[in-house]
Amino acid sequence: MAHAVAEEEPQAHMGLPLPHGKLAMWLFLVTEIMFFTGMIGTYIILRNGMPTSNDPWPTPHDVHLVEFIGAFNTFVLICSSLTIVLAHLALHHGNTKRAVQYIGVTLALGCVFLVVKAYEYNAKFAHEILPSRVFEKLDGPFGAEYVRHVEEQLNHIIEGHGHASSEAKAACEELLKDLPSLSPFQVNERIVGTKNVKGVDRVNLKGTDEKPVKGILEEFKAEDLHLSYSIPFGNMWASTYFAMTGFHALHVFGGLVVFVIILIMALRGRFGPQHTHLVEYTGLYWHFVDIVWIFLFPLLYLV
Amino acid sequence: MTNEPEAHAEAGPNFNTYIFIFGVLVVCTLLSFLVNYVLGQNHTSATIILLIAVIKAVGVAMIFMHLKFEWSKLYFLIIPVMILGVMMMVVLLPDIVLDWHLGGE
């Protein structure tokens with residue numbers, strides 16, 4: 001009797017009206033949302049919670065970020081989002097050739113994004129804006145280390161490795177000569193100029209007859225001289241910047257690998273409307289990567 | 001769950017809708033760049049720029065990712081993760097910011 005009752009009960013089944021692949025992709029994206037929220041959230045809290053007006057967070061200019069480059073990369077990713085969604089639409093309508101063309105364009109746009117990112121990273125490496133390599137808190141033991149490092153850089157420029165003009169070299173020689181008598185704060189001031197020194201690194205001019213000085217980097221702006229200067233929170237900035245943009249770039253690279261696989265399938269004649277869902281799920285991932293950049297761009301370059 | 005695709009023949013957006021959203025995204029990007037250029041870095045510009053970013057993200061999610069048409073099937077995944085994301089930031093707040101300020105006194 002009990003057996004009969006059990007048979008009459010409705011059978012339990014999973015009722016989500018979604019294909020398995022799409023549900024799996026969304027579950028993956030949900031974990032990705034948490035992953036990036038953790039990093040972006042930490043950045044927002046560090047950015048807004050710790051600095052003060054005297055000890056400020058680095059501006060894009062301080063850390064050699066160019067707003068226009070960030071905006072360009074945003075445009076590139078938006079274009080790629082459009083092309084991948086059009087590839088899905090084309091395949092949905094049975095137009096395989098057009099879909100493959102759109103995927104090829106998406107691949108090219110993703111490559112452009114990574115090339116621009118590599119160019120940007122190169123500037124960070126050239127100016128040593130890297131985690132634990134940025135000088136800050138010059139009143140501590142890092143002050144003496146900073147002066148030693150600047151001495152090396154000045155010698156490097158004077159020896160002609162940095163393609164500096166003769167005027168810039170002369171200014172570097174003058175600073176090198178004065179170096180033993182200067183404090184780390186004064187060295188920093190001579191490099192960036194009095195008006196660009198952050199409050200926490202300011203040399204107190206009150207009660208002295210010293211006048212504001214124009215920095216070497218200020219005077220020879222066009223020459224892109226490699227001279228270190230104090231960037232309060234610079235190491236924290238570099239850590240968060242490389243963590244967020246690095247993981248984002250890895251995600252872009254992951255998407256590109258899938259696009260290459262699809263294109264190889266197409267070249268072998270094994271790609272067609274039966275792969276509409278593959279393109280749709282890859283597109284979901286790609287749009288998510290785009291959304292992450294939509295937030296990274298203003299947070300890093302504009303706000 | 002349904003067996004793979006057929007039960008899911010989409011009534012999604014068409015070519016024109018995609019192009020329209022693309023245009024909105026480009027205009028929004030230009031707008032955030034201009035706001036930064038005109039207003040500089042302050043709380044007002046930050047609020048406007050981040051609001052524009054939210055609009056862009058919603059546009060991509062709703063139309064490009066088809067959430068507008070599949071919200072009823074996916075809201076149970078999206079809403080909890082949004083709540084958890086905000087909660088994670090709130091949890092980090094005392095650990096990072098308050099500790100810093102109290103330690104600095």
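So that the names make sense, note that chain A is the first sequence line, chain B the second, and so on, each numbered from 1.
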Heavy-atom distance under 4.5 Å to chain B: side chain of [X], backbone, both or neither?
X      : result
A:I291 : side chain
A:I44  : side chain
A:F288 : both
A:T74  : side chain

Using a 4.5 Å heavy-atom cutoff, which residues in residues 35-45 of chain B come close to chain A?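 From residues 35-45 of chain B, the residues near chain A are B:N36, B:Q41.
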
Is atom [atom1] of [X] surrounded by more than 12 heavy atoms (other residues, nucleotides or ligands) closer than 6.0 Å?
X      : atom1 : result
A:R47  : CZ    : yes
A:F247 : CZ    : no
A:M34  : CE    : yes

Pick one of side chain, backbone, both or neither for [X], based on which atoms fall under 4.5 Å of a heavy atom in chain A.
X     : result
B:L67 : side chain
B:M88 : side chain
B:L25 : both

Given the rule in the ring pair (Phe, Tyr, Trp, His ring centres under 6.0 Å) test, do A:W293 and A:F113 qualify, once you have shown the distances and angles that lead to the verdict? CA-CA 11 Å; A:W293 185 255; A:F113 179 89; 5.1 Å; yes

Report the option among A:L86, A:I78, A:T37 that has the most heavy-atom pairs separated by less than 4.5 Å from atoms of chain B.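 Top option by heavy-atom pairs under 4.5 Å: A:I78.
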
With chain B as the partner, which of A:L27, A:L82, A:L89 has the greatest number of non-hydrogen pairs under 4.5 Å?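 Max contact count across the listed options: A:L82.
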
Can you list everything that forms a salt bridge (charged side-chain N to carboxylate O under 4.0 Å, His left out) with A:E120? Sequence neighbours excluded, please.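 Only A:K117 meet the salt bridge (charged side-chain N to carboxylate O under 4.0 Å, His left out) criterion with A:E120.
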
May I have the step-by-step check of side chain to side chain donor-acceptor pair (under 3.5 Å) for A:T52 and A:D55, ending in yes or no? CA-CA 5 Å; A:T52 61; A:D55 197 5; 5.2 Å; no

Ion pair present between A:D201 and A:K137, side-chain N to carboxylate O less than 4.0 angstrom?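 Here A:D201 does not pair with A:K137 in a salt bridge, since their nearest N and O are not under 4.0 Å apart.
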
Which pair of heavy atoms, one from A:I103 and one from A:I84, lies closest together, and at what distance?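 Looks like CG1-CD1, 4.2 Å.
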
Tell me whether A:N95 contacts the main-chain N or O of A:A90 through its side chain, where contact means a donor paired with an acceptor under 3.5 Å.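 Checking the backbone N and O of A:A90 against the side chain of A:N95, no donor-acceptor pair under 3.5 Å is found.
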
Give the intermediate values and the outcome of ring pair (Phe, Tyr, Trp, His ring centres under 6.0 Å) for residues A:H88 and A:Y102. CA-CA 9 Å; A:H88 174 234; A:Y102 279 131; over 10 Å; no

